[in-house]
Amino acid sequence: MADDIPFNKTLDLAPGHVEEVAPGVRRILCDNPSPFTFKGTMSYIVGRGDVAIIDPGPDDAQHIAALLDAVRNETVTHIVVTHTHRDHSPGAARVKAATGATTYGEGPHRAARPLHIGEAPRLDASNDTDFRPDRQLADGDVVSGRGFTLEAIATPGHTANHMAYALREQNLVFSGDHVMGWSTSIVAPPDGAMSDYMASLGKLASRSESVYLPGHGDLIQDAPRFVESYIRHRQGREASILHRLGKGAADIPTLVRAIYIGLDPRLARAAGLSVLAHLEDMVARGVVATEGVPSVAGTYRLAG
């Protein structure tokens, strides 16, 4: 079903190599490839002389050393975080210790909704619960440095505290993990919420920036159209769930097998959580029914 999104699954960039990806923007790839991170986490350096580092990445000594070497003889004034997953934010502590720069982000990690009885964050091993930004940002806040202006765009969904950042001088957006060119984003309750995710996609689709620089993978051209393909993909996923439930009640493993043809087995749990995110949204809208609150162990049927 991902055929409806024009993915780019190539990236010709070696880990630790510094590359100017747009005027005034450099990128460095962390050597942390996985089925969830593609070739690795992308960190960005914005500006010259006085610079901001966006998503310093994991607590990886080699990557932090490469970042600091890239800004040698420059001053890091801002450390900006898109969200609190362990492949994006933990490196902020090391960069701050080395530079004294101020950290920025939406806030500490939190769930997208209250936890149900006996429930814990589903992907807690991937969450950075230590990061606390020096300055918390709200939607529309502006972070300014010498030669750059970043507008915070609240984009909850992948995580509750996800932020994208528009670089006004270059008509581009640092999209974090909300929109990526190589794959769709994981939405895993209770840390993420599909209703939030879809609303955030709609917000981005209405903006004019033509280029996105994501947290993983290469840059995205014609970004508004790409976001529209993301929206259609999620709508198609919901339609597939409803089609299967039209044949009778089903649990999440059954839905995953019916919907995700040829799925990498390493991604099965994440796919199940993504289906749960869709089901939570559809139960809230009265389209699908289940006994009690939606859960991974639940059985689902069409409402009415």
Side-chain angles (χ1 to χ4, degrees), residues 13 15-18 26-46 51-72 76-112 120-137 143 150 152 154-165 174-178 180 182-183 185-188 190-192 213-217 270 273:
L13 182 65
H17 177 73
V18 184
R26 290 163 279 174
R27 64 182 180 180
I28 303 180
L29 177 67
C30 182
D31 191 14
N32 62 329
S34 79
F36 298 97
T37 61
F38 191 41
K39 300 293 183 69
T41 302
M42 200 72 73
S43 298
Y44 295 95
I45 302 167
V46 183
V51 304
I53 292 177
I54 297 179
D55 279 356
D59 186 13
D60 181 291
Q62 185 173 358
H63 183 62
I64 301 305
L67 271 174
L68 294 176
D69 187 61
V71 297
R72 186 172 307 215
V76 180
T77 56
H78 302 71
I79 303 166
V80 183
V81 167
T82 61
H83 65 293
T84 49
H85 276 162
R86 290 188 182 276
D87 55 328
H88 288 264
S89 55
R94 288 196 189 218
V95 175
K96 180 178 175 63
T99 65
T102 301
T103 58
Y104 297 77
E106 194 271 353
H109 194 84
R110 66 182 187 278
R122 299 291 180 184
L123 297 178
D124 51 344
S126 68
N127 298 335
D128 177 11
T129 56
D130 295 327
F131 178 74
R132 300 286 190 279
D134 297 322
R135 180 180 164 192
Q136 292 191 216
L137 299 173
V143 177
L150 294 168
T155 46
H158 176 64
T159 61
N161 65 355
H162 196 287
M163 278 280 189
Y165 299 94
F174 298 95
S175 57
D177 282 6
H178 195 77
M180 300 178 290
W182 76 282
S183 176
S185 182
I186 293 172
V187 182
D191 300 288
L213 298 179
H216 306 276
L273 292 173

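The side chain to side chain contact (heavy atoms under 4.5 Å, CB included) with Ile28 is formed by just one residue from the set His63, Met42, His17; it is His63. Here the options are His216, His162, His85, His83, the test is ring-ring contact (aromatic ring centres under 6.0 Å, His included), and the partner is His178; only His162 passes.
Taking the six-membered ring for Trp and the full ring otherwise, the centers of His78 and Tyr104 sit less than 6.0 Å from each other.
At least one donor-acceptor pair closer than 3.5 Å links the side chain of Tyr44 to the backbone N or O of Pro214. At least one donor-acceptor pair closer than 3.5 Å links the side chain of Lys96 to the backbone N or O of Ala101. The main-chain N or O of Met163 is never found under 3.5 Å from a side-chain atom of Glu106 such that the two would form a donor-acceptor pair. Judged by distance alone, the side chain of Ser185 and the main-chain N or O of His158 form no donor-acceptor pair under 3.5 Å. Looking only at distances, no side-chain donor or acceptor of Thr41 sits under 3.5 Å from a matching main-chain atom of His88.
Checked by atom type, the side-chain pair Asp134/Thr102 shows no donor-acceptor distance below 3.5 Å. Side-chain contact, Ser89 with Asp128: a donor N or O sits under 3.5 Å from an acceptor N or O.
Annotation: salt bridge (charged side-chain N to carboxylate O under 4.0 Å, His left out) contacts involving residues 61-72, sequence neighbours excluded, comprise Asp69-Arg72. Here salt bridge (charged side-chain N to carboxylate O under 4.0 Å, His left out) pairs that include residues 55-64, with residues two or more places apart or in two chains, are Asp59-Arg94.
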**Q.** side chain to side chain donor-acceptor pair (under 3.5 Å) evaluation trace for Thr129 with Asn127
**A.** CA-CA 6 Å; Thr129 56; Asn127 298 335; over 6 Å; no

